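None of these values were measured; they are calculated from a predicted model.
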Amino acid sequence: MSRTTMTKTSRTKTTVKSAATKTLKESVADRLRRDIISGELPPGMIIRDLELAQRYNASTSPVREALTLLTAEGLIEMPPNRPKQVAHIDRQSARELVAVFALLTIAAYESGAPRVDAEGVREMREALAIIKQTAHGGDHELYIAAVRRYEDVIQRACGNRALRRLISQTFSSIERISMLWRMQGMARPDAMENVVQALEAGDPQKAVTLYRGLVEQFQQDVDALAPFL
């Protein structure tokens, strides 16, 4: 077996193992997150534990745990003495979320871009190839996973676990904004390609500048949104 084949086999096994070892709470959270981001469960929809348990073929215990997890991500609202519901979102809340996301991710790029090695660049290139293939009508779940993988290279390189965790929690809301308003969001293949090229050329500062431009474009798009869905 060639080294390349061994590497591909190892990656496949790792992926399968990761999926197989997910807890029921994580599996329910993944499906619930997907349905909220896609708009299948719309903003303001009342959440009932038993109905979700039936929807996702699970008991109410992992459903409640998943709801707590997605509350931390800003996708679920659980106000005291009131029904749980899918979080509301309007232009103002979208602007605020994107502003926070911009601060976090630019900080990660400023710290992480100079530390990205050749393996990291290769991983970004692999993720970008999937993004380009699925950006227009492809497998949406694969597309989202590739966008997260692309961004996570920088976040790992920055070495700040707290920052990485905060970005991960915010990312779902950013995906939701992009989906609900039919926006490109942060996933712009041409701009992402330019960032990778800058890293390949050994110019992390240019990569940061290009990424900052990508974030600013997203903020301008959100500013131009209608006030409400």
Side-chain angles (χ1 to χ4, degrees), residues 18-101 104-105 130-131 134-152 165-187 218-219 221-222 224-229:
S18 177
T21 55
K22 278 192 175 183
T23 65
L24 187 53
K25 174 193 73 174
E26 291 168 336
S27 296
V28 171
D30 283 348
R31 296 172 66 187
L32 180 56
R33 184 185 296 110
R34 177 195 64 200
D35 289 346
I36 292 173
I37 289 172
S38 69
E40 187 170 339
L41 301 182
M45 176 180 171
I46 299 299
I47 296 293
R48 296 180 175 85
D49 296 355
L50 185 56
E51 290 178 2
L52 286 186
Q54 294 171 342
R55 180 185 181 96
Y56 300 125
N57 193 28
S59 67
T60 55
S61 180
V63 165
R64 292 188 184 111
E65 292 174 339
L67 288 171
T68 299
L69 180 63
L70 296 195
T71 298
E73 294 182 14
L75 299 181
I76 296 290
E77 294 173 350
M78 293 200 292
N81 303 317
R82 292 175 58 190
K84 296 185 284 286
Q85 59 186 342
V86 177
H88 289 87
I89 189 166
D90 56 23
R91 180 177 61 182
Q92 183 58 32
S93 58
R95 291 173 68 180
E96 292 169 356
L97 283 165
V98 172
V100 170
F101 186 75
L104 295 173
T105 54
I130 296 172
I131 291 167
T134 56
H136 304 288
D139 185 326
H140 182 69
E141 288 187 49
L142 186 62
Y143 169 76
I144 290 297
V147 173
R148 284 181 178 255
R149 182 184 174 196
Y150 175 99
E151 294 292 344
D152 196 54
R165 182 173 62 254
L166 288 170
I167 293 173
S168 178
Q169 289 176 343
T170 311
F171 206 95
S172 295
S173 293
I174 297 302
E175 292 170 351
R176 186 180 182 221
I177 291 167
S178 301
M179 287 292 294
L180 291 179
W181 271 287
R182 303 293 188 268
M183 302 169 63
Q184 276 189 281
M186 293 296 297
F218 187 24
Q219 290 177 306
D221 291 346
V222 172
L225 291 173
F228 298 97
L229 284 174

* To do: Write down the atom of F218, the atom of S178, and the distance for their closest heavy-atom approach.
  => CZ-OG, 4.0 Å

* Asked: Do E65 and L69 pass the side-chain contact (heavy atoms from CB on, under 4.5 Å) test, and can you show the C-alpha distance, the side-chain angles, and the key distance before you say yes or no?
  -> CA-CA 6 Å; E65 292 174 339; L69 180 63; over 6 Å; no

* Do you know which two heavy atoms are closest between A187 and Y143, and how far apart they sit? -> CB-OH, 2.8 Å

* To do: Report the residues that fulfil side chain to side chain contact (heavy atoms under 4.5 Å, CB included) with S59, sequence neighbours left out, ordered by chain and then residue number.
  => S61, P62

* Exercise: identify the closest heavy-atom pair between A29 and L70 -> O-CD1, 4.0 Å

* **Counterpart residues, salt bridge (charged side-chain N to carboxylate O under 4.0 Å, His left out), relative to R165 (two or more places apart)** => none

* **side chain to side chain contact (heavy atoms under 4.5 Å, CB included) partners for R82, two or more places apart** => P79, Q85

Compile the donor-acceptor pairs under 3.5 Å between side chains in residues 36-45 and protein atoms, sequence neighbours left out, one pair per line.
{"unit_1": "S38", "atom_1": "OG", "unit_2": "R34", "atom_2": "O", "d": "3.1"}
{"unit_1": "S38", "atom_1": "OG", "unit_2": "D35", "atom_2": "O", "d": "3.1"}
{"unit_1": "S38", "atom_1": "OG", "unit_2": "E40", "atom_2": "N", "d": "3.3"}
{"unit_1": "E40", "atom_1": "OE2", "unit_2": "R55", "atom_2": "NH2", "d": "2.8"}

* Counterpart residues, side chain to side chain donor-acceptor pair (under 3.5 Å), relative to Q92 (two or more places apart) -> E96

* To do: Any chance you could measure Q169, atom CD, to T71, atom OG1, to the nearest 0.5 Å?
  => 11.5 Å

* What closest approach, in Å, do R95 and V222 show between heavy atoms, and which atom pair accounts for it? -> CG-CG1, 3.5 Å

* Contacts of Q219 that satisfy side chain to side chain donor-acceptor pair (under 3.5 Å) - sequence neighbours left out -> none

* Structure fact -> Applied to residues 74-101, the ring-ring contact (aromatic ring centres under 6.0 Å, His included) test, sequence neighbours excluded, yields F101-F171

* To do: Ignoring hydrogens and angles, tell me if any N or O in the side chain of S93 forms a donor-acceptor pair with the backbone of I89 under 3.5 Å.
  => no

* Kindly write out the residues that satisfy salt bridge (charged side-chain N to carboxylate O under 4.0 Å, His left out) with R33, not counting sequence neighbours, or none if the list is empty. => D30, E73

* To do: Enter the distance from M179:CE to I174:CD1 here, rounded to the nearest 0.5 Å.
  => 14.5 Å

* Asked: How far does OH of Y56 sit from CD of E51, to the nearest 0.5 angstrom?
  -> 11.5 Å

* Asked: CZ/R148 to OG/S172 distance, rounded to the nearest 0.5 angstrom?
  -> 4.0 Å

* Asked: Can you list the residues that meet the salt bridge (charged side-chain N to carboxylate O under 4.0 Å, His left out) rule with E77, with sequence neighbours excluded?
  -> none

* Check whether any side-chain heavy atom of R48 lies under 4.5 Å from a side-chain heavy atom of P83, and answer yes or no. => no

* Asked: Under the side chain to side chain donor-acceptor pair (under 3.5 Å) test, which residues partner S173, sequence neighbours left out?
  -> none

* To do: List for me each residue that meets salt bridge (charged side-chain N to carboxylate O under 4.0 Å, His left out) alongside K25, sequence neighbours excluded, and say none if there are none.
  => none

* side chain to side chain contact (heavy atoms under 4.5 Å, CB included) involving I47 - partner list, sequence neighbours excluded -> L52, L67, I76, K84, V86

